[in-house]
Amino acid sequence: MKIIVINGPNLQLLGQREPGIYGKTTLDDLNNRLKTVASSIGVDVSFFQSNNEGGIVDKIASAFKDKLDGIIINPAAYTHTSIAIRDAIEAVKIPALEVHISNIHAREEFRRSSMTAAVCLGQISGLGIDGYEWALRAMANYLQNMKKQN
Ligand code: DQA
């Protein structure tokens, strides 16, 4: 089971960026935690972070070539604006889960809507970086259940 975790703009600054909102854990520490969880549940996890919309679109589009089964994505600021990322998720038809560290629904008005959530299985928002672990576990369960049904 191959799952990719994609992080959008400014998330390379995790740990330094507004720690009151996004916490003190760095992206490397988060990815290491997810690697440990993934190996404990038999998932092959990979990671991608980009500050460019096109880079994220290209990565999603390469999901077929990379034989990915699931996508966990925090599109960061592009959540609120990117039709291109939304279309890419819809195009590849690979199950995706959207994650936000903060509760986007409890912040500024412009953060409350997501372009991408409607083409994802669901959204986890406001659980801090734990949200990525729950998303990984939830995606693994979802894919397992799908396999059993087929
Ligand atoms: C975020 C929320 C977005 O509104 C913001 O632009 C981010 C991070 C989150 O994880 O809480 O960069 O996606």
Side-chain angles (χ1 to χ4, degrees), residues 1-41 43-64 66 68-143:
M1 217 187 276
K2 282 180 81 172
I3 297 175
I4 191 168
V5 179
I6 298 176
N7 276 297
N10 301 310
L11 291 169
Q12 84 281 12
L13 296 175
L14 268 186
Q16 289 162 265
R17 174 191 181 201
E18 299 182 88
I21 296 176
Y22 299 115
K24 291 189 179 154
T25 306
T26 66
L27 187 58
D28 278 349
D29 288 344
L30 167 62
N31 290 350
N32 284 332
R33 171 176 165 184
L34 295 177
K35 257 187 229 164
T36 306
V37 173
S39 73
S40 77
I41 57 174
V43 163
D44 177 354
V45 72
S46 58
F47 303 98
F48 181 76
Q49 189 277 328
S50 177
N51 295 323
N52 299 309
E53 189 176 22
I56 297 170
V57 169
D58 286 344
K59 194 68 191 174
I60 295 168
S62 66
F64 289 127
D66 297 341
L68 293 174
D69 299 299
I71 297 170
I72 288 164
I73 184 163
N74 182 347
Y78 289 136
T79 306
H80 317 298
T81 60
S82 182
I83 298 172
I85 294 176
R86 177 198 174 107
D87 284 353
I89 296 169
E90 205 169 23
V92 295
K93 299 214 180 318
I94 289 170
L97 269 173
E98 182 172 310
V99 174
H100 297 287
I101 298 164
S102 63
N103 181 353
I104 60 169
H105 305 287
R107 298 183 64 193
E108 301 96 323
E109 188 66 45
F110 66 87
R111 292 187 206 275
R112 294 187 191 158
S113 68
S114 168
M115 275 290 176
T116 43
V119 292
C120 292
L121 293 173
Q123 182 193 65
I124 296 174
S125 180
L127 300 183
I129 60 148
D130 286 352
Y132 290 90
E133 177 176 341
W134 310 141
L136 185 60
R137 291 181 183 280
M139 180 61 79
N141 279 353
Y142 175 85
L143 294 172

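All heavy atoms count here, side chains included; hydrogens, waters and symmetry mates do not. Counting starts at 1 for both ligands and their atoms, in listed order. Since we're looking at a predicted model, the values are computed, not measured. Throughout, residue positions are numbered sequentially from 1 according to the sequence presented.
- Under a 4.0 Å criterion applied to the non-hydrogen atoms of Arg17, ligand 1 contributes the atoms 7 (C), 12 (O).
- Closest to atom 1 (C) of ligand 1, if we only count protein heavy atoms, is His100 ND1, 3.7 Å.
- Here Asn74 has side-chain heavy atoms under 4.0 Å from ligand 1, and that is the only part of it that gets that close.
- One N or O on the side chain of Ser125 and one on the backbone of Ile104 form a donor-acceptor pair closer than 3.5 Å.
- The backbone N or O of Leu14 lies less than 3.5 Å from no partner atom in the side chain of Gln16, so there is not a single donor-acceptor pair.
- Interface of Ser102 with ligand 1, defined as ligand atoms under 4.0 Å from a residue heavy atom, comprises 2 (C), 9 (C), 11 (O).
- If you number the atoms of ligand 1 from 1 as listed, the ones under 4.0 Å from a heavy atom of Ala77 come out as 6 (O), 12 (O).
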Q: Report the C-alpha separation of Asn51 and Gln49 in whole Å, then their side-chain angles, then the decisive distance to 0.1 Å, and conclude whether the side-chain hydrogen bond (donor to acceptor under 3.5 Å, both in side chains) test is met.
A: CA-CA 7 Å; Asn51 295 323; Gln49 189 277 328; 3.0 Å; yes
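- Nearest non-hydrogen protein atom to atom 3 (C) of ligand 1 is His80 NE2, 3.5 Å.
- In terms of protein heavy-atom proximity, atom 5 (C) of ligand 1 is nearest to Arg111 NH1, 3.3 Å.
- Note: no N/O pair closer than 3.5 Å links Leu11 and ligand 1 by distance alone.
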Q. Ser114 and Glu98: side-chain hydrogen bond (donor to acceptor under 3.5 Å, both in side chains), yes or no, with the steps?
A. CA-CA 10 Å; Ser114 168; Glu98 182 172 310; 3.0 Å; yes
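- Ile60 places a side-chain heavy atom less than 4.5 Å from the side chain of Ile73.
- Ring pair His80/His100 is parallel by interplanar angle, where below 30° counts as parallel and above 60° as perpendicular.
- Listed here is the closest heavy atom pair of Met139 and Leu97: CE-N, 3.8 Å.
- Nearest protein heavy-atom neighbour of atom 9 (C) of ligand 1: Ile101 N, 3.4 Å.
- When side chains are defined from C-beta on, Met115 does not count as touching Ile85, because their heavy atoms never get closer than 4.5 Å.
- Ranking the protein heavy atoms by distance from atom 2 (C) of ligand 1 puts Ile104 CG2, 3.7 Å first.
- Listed by atom number, the atoms of ligand 1 under 4.0 Å from Tyr22 heavy atoms are 5 (C), 7 (C), 8 (C), 9 (C), 11 (O).
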